[in-house]
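Here's the structure, in structure tokens; my notes come after.
Counting from 1, the numbers follow the sequence of the chain as shown. Remember, it's a predicted structure, so these values are computed and weren't measured experimentally. All heavy atoms count here, side chains included; hydrogens, waters and symmetry mates do not.
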Amino acid sequence: MDLEPYLWMVVIGFIIAFILAFSVGANDVANSFGTAVGSGVVTLRQACILASIFETLGSMLLGAKVGETIRKGIIDVSLYNETVPILMAGEVSAMVGSAVWQLIASFLKLPISGTHCIVGSTIGFSMVAIGTKGVQWMQLVKIVASWFISPLLSGLMSGLLFFIIRYFILNKDDPVPNGLCALPLFYASTIGINTFSIMYTGAPVLGLEMLPVWAVALITLAGALVCAGLVWIFVCPWMRRKIASMYCPYPSRRLVTLGVFNSPVSNGGFSFDGHMRSDGQVYHTVHKDSGLYKDLLHKIHLGRLEDERSSSRPDNNYRHLRRNNSYTCYTAAICGMPVQPLMRSESSAPPPEDSEKLVGDTVFYSKKRLRYDSYSSYCNAVAEAEIEAEEGDVDVKLAADKREPRAPAEGVLEDCVDEDKEEKDKPQVFLLFHFLQILTACFGSFAHGGNDVSNAIGPLVALWMIYEQGGVMQDAATPIWLLFYGGIGICTGLWVWGRRVIQTMGKDLTPITPSSGFTIELASAITVVLASNIGLPISTTHCKVGSVVAVGWIRSKKAVDWRLFRNIFLAWFVTVPIAGLFSAAVMALFVYGILPYV
């Protein structure tokens with residue numbers, strides 16, 4: 001059949017397909033890197049760079065096979081043999097319906113399933129074109145079942161894995177020995193599960209679809225064992241030295257412990273060493289990589305706004321630190337000092353621009369102080385705080401203790417107690433799970449690129465093949481350049497708008513730590529592999545949300561935003577009908593308003 005008059009539809013299809021890929025990148029890619037960004041192991045920019053690389057590779061290497069399901073597995077395309085232009089219009093309509101709903105969900109920061117979007121859109125245009133004939137209704141039944149099976153199964157798997165990690169590692173006074181012993185197992189599991197998933201799915205470009213299951217299992221097992229051996233030989237000793245250096249950066253020198261402070265740090269211990277400058281003054285150094293920095297900086301940030309609103313002059317017994325760098329805040333958090341702007345004394349001349357008040361009385365440096373880097377300034381403040389606390393000259397306590405006492409609202413105290421029970425990773429645990437979570441996120445991104453590029457490009461591939469072959473059967477292999485086109489669109493959506501759903505998955509739904517993030521990623525991957533192979537309907541997005549909620553609830557009863565989870569579940573519920581309605585509306589425009597005049 002000559003389809004040359006319908007070239008305009010192919011051109012429109014390419015434009016809409018890029019918008020659809022954009023929407024997939026803005027919404028679905030958060031499944032891979034949302035928890036990694038939320039736990040702080042990577043920044044948003046780093047996550048976008050890594051996701052761009054692995055999403056594109058996954059889409060090109062794995063996307064060809066999974067795209068066939070979207071093209072042929074939802075409706076019976078043979079029913080359109082006599083009405084090929086109708087099927088072409090339907091593919092365009094499906095892309096419009098899916099893209100519109102995913103963009104709306106991304107604007108609302110709600111993670112939804114891209115697969116469910118495209119399924120709903122395909123059913124929508126088919127019902128307008130030929131009614132209910134040819135619709136694979138079992139696909140719809142599987143989708144409804146996946147709303148419940150995916151989060152429950154993944155949540156149970158994540159909860160079990162987190163209980164094991166917490167019992168054997170997180171709750172130990174010294175988590176390092178058990179953590180180092182478990183590290184090869186963690187790496188082997190990560191490599192094994194994800195390798196099996198990728199190879200079992202099959203990559204036509206690499207010829208992996210020809211391998212039997214036993215060969216895939218054997219290759220996976222061998223790779224996991226080799227990985228475990230390498231981690232045990234190289235990574236574990238390096239990690240042990242790295243953790244040891246956190247607490248003893250200068251083992252040959254005398255260490256002094258700041259145990260006299262009423263510190264917000266749970267262990268209360270912090271070591272530093274003294275050095276003498278050429279002018280005879282002693283300054284002190286504290287290791288920058290102590291592992292406490294982020295946590296303490298967060299604590300000082302929580303009370304900063306209220307401190308800044310205070311207009312009354314603080315008591316002279318409290319130390320003022322000029323907030324000129326992050327280490328000043330770090331020092332204040334360790335020593336329990338208020339962090340407030342340096343206030344000018346009415347009875348004295350303005351201090352020099354570079355002056356800094358470090359002691360409890362009203363003396364300013366009369367001469368320009370020597371410029372230290374921020375690290376030296378930080379170390380001096382720690383040392384002087386220790387001396388004053390030992391001599392009893394300064395009342396060292398948290399800035400929050402200065403505030404006017406207020407009667408707490410009903411239920412606030414109970415909530416605060418629950419929040420205090422929220423588990424946070426120790427610095428050693430952060431190091432142990434840091435790269436593991438990055439690794440699982442990269443694997444997840446690679447697999448996601450292979451699976452979900454079909455949601456963006458599947459209808460476009462169908463449209464292109466119908467136009468090229470002049471028929472509906474689409475027998476040719478998926479062109480690699482089309483998969484690359486879809487990967488570019490996904491990466492564009494991630495960079496421009498991906499932060500919205502990443503914030504929901506990584507921060508708003510529940511706080512994430514490296515240990516919990518690794519648990520979520522690994523358990524979700526295990527759930528998807530197992531459920532897919534035994535025939536259970538599953539959704540990667542739903543699995544990830546279920547794992548996040550389950551682990552967050554185990555870590556702290558009040559940590560999960562249940563209202564947000566309710567909104568996410570409602571978005572899952574309406575995804576198929578809303579995407580179908582958008583697609584049906586566009587299809588009706590084609591069938592009754594455009595095609596009769598072409």
Side-chain angles (χ1 to χ4, degrees), residues 27-42 47 50-51 54 111 113 149-170 179 182 185-187 189-194 197 422-425 429-430 432-448 451 498 501-531 538-557 559-562 564-565 568-569:
N27 195 287
D28 256 14
V29 178
N31 297 340
S32 304
F33 277 93
T35 56
V37 173
S39 65
V41 299
V42 293
L50 290 173
F54 287 97
S113 172
I149 294 175
S150 297
L152 287 176
L153 192 59
S154 185
L156 288 173
M157 189 75 73
S158 300
L160 178 62
L161 182 59
F162 186 74
F163 267 122
I164 295 173
I165 292 176
R166 184 169 67 171
Y167 180 79
F168 286 103
I169 299 176
L170 303 182
L185 177 62
F186 290 154
Y187 275 94
S189 301
T190 301
I191 296 294
I193 291 295
N194 287 282
S197 175
E422 181 186 330
E423 300 172 0
K424 295 182 179 179
D425 284 352
V429 175
F430 185 94
L432 288 172
F433 288 94
H434 181 275
F435 185 73
L436 267 172
Q437 195 184 0
I438 298 176
L439 186 65
T440 54
C442 290
F443 267 114
S445 182
F446 184 79
H448 174 270
N451 281 283
V501 182
I502 284 178
Q503 181 177 343
T504 297
M505 292 291 287
K507 296 181 180 179
D508 294 347
L509 196 53
T510 189
I512 303 291
T513 63
S515 61
S516 64
F518 165 73
T519 305
I520 291 165
E521 299 286 348
L522 184 60
S524 298
I526 293 173
T527 304
V528 170
V529 170
L530 292 179
I538 212 78
S539 165
T540 306
T541 301
H542 299 178
C543 284
K544 197 61 64 71
V545 171
S547 292
V548 169
V549 170
V551 173
W553 183 79
I554 291 171
R555 291 180 62 239
S556 175
K557 306 301 182 186
V560 179
D561 187 341
W562 293 106
L564 177 59
F565 178 67
I568 292 172
F569 189 84

Any donor-acceptor N/O pair, Ser39 side chain to Thr35 backbone, under 3.5 Å:
yes

What's the spacing between Ile554 CD1 and Ser516 OG if we round to 0.5 Å?
10.5 Å

Pairing donors with acceptors under 3.5 angstrom, does anything connect the side chains of Ser158 and Ser547?
yes

Can you confirm whether Leu522 sits close enough to Met157 that some side-chain heavy atom of one is under 4.5 Å from a side-chain heavy atom of the other?
no

Nearest 0.5 Å, what's the NE2-CD1 distance between His434 and Ile438?
4.5 Å

How about Thr190 and Thr440: does a side-chain donor come under 3.5 Å of a side-chain acceptor?
no

So, Ser189 side chain and Leu185 main chain: donor-acceptor pair closer than 3.5 Å or not?
yes

How far apart are the C-alpha atoms of Ile512 and Ile520, what are their side-chain angles, what is the distance that settles it, and do they pass the side-chain contact (heavy atoms from CB on, under 4.5 Å) test?
CA-CA 10 Å; Ile512 303 291; Ile520 291 165; 3.8 Å; yes

So which heavy atom on Leu432 is nearest to which on Gly179, and how close?
CD1-CA, 3.8 Å

Heavy-atom closest pair (Ala36 atom, Ala441 atom, distance to 0.1 Å) is CB-CB, 4.3 Å

Nearest 0.5 angstrom please: Ile568 CD1 to His542 NE2, how far?
10.0 Å

Heavy-atom side-chain contact between Pro111 and Thr504 under 4.5 Å
yes

Minimum heavy-atom distance Val37-Lys507, with the two atoms named:
O-CE, 4.5 Å

Once rounded to the nearest 0.5 Å, what's the spacing between atom SG of Cys442 and atom CD of Gln437?
10.5 Å

Pairwise distance CG(Leu161) to OG1(Thr519) - rounded to 0.5 angstrom:
5.0 Å

Do Phe443 and Phe54 have ring centres separated by under 6.0 Å?
no

Looking at every non-hydrogen atom in both residues, tell me the closest pair between Ala51 and Val29 and how far apart they are.
CB-CG1, 4.0 Å

Residue pairs passing the salt bridge (charged side-chain N to carboxylate O under 4.0 Å, His left out) test where at least one lies in residues 538-549, sequence neighbours excluded
Glu521-Lys544

Taking the side chain as C-beta and beyond, is there a heavy-atom pair between Asp508 and Asp561 under 4.5 Å?
no

Working to the nearest 0.5 angstrom, can you tell me the gap between Ile149 CD1 and Thr527 OG1?
12.0 Å

So do the side chains of Phe518 and Ile165 get within less than 4.5 Å of each other, counting heavy atoms only?
yes

With side chains defined as the heavy atoms from C-beta onward, is the minimum distance between Phe433 and Leu436 less than 4.5 Å?
yes

Does a side-chain heavy-atom distance below 4.5 Å link Thr510 with Val549?
no

Full working for side-chain contact (heavy atoms from CB on, under 4.5 Å) between Ser515 and Leu170
CA-CA 9 Å; Ser515 61; Leu170 303 182; 3.9 Å; yes

Minimum heavy-atom separation for Arg555 and Phe162, please, with both atom names.
CG-CZ, 3.4 Å

Which heavy atom in Ile169 sits nearest to a heavy atom in Ala182, and how many Å separate them?
CD1-CB, 4.0 Å

Can you find a heavy atom in the side chain of Asp28 that is under 4.5 Å from one in the side chain of Thr540?
no

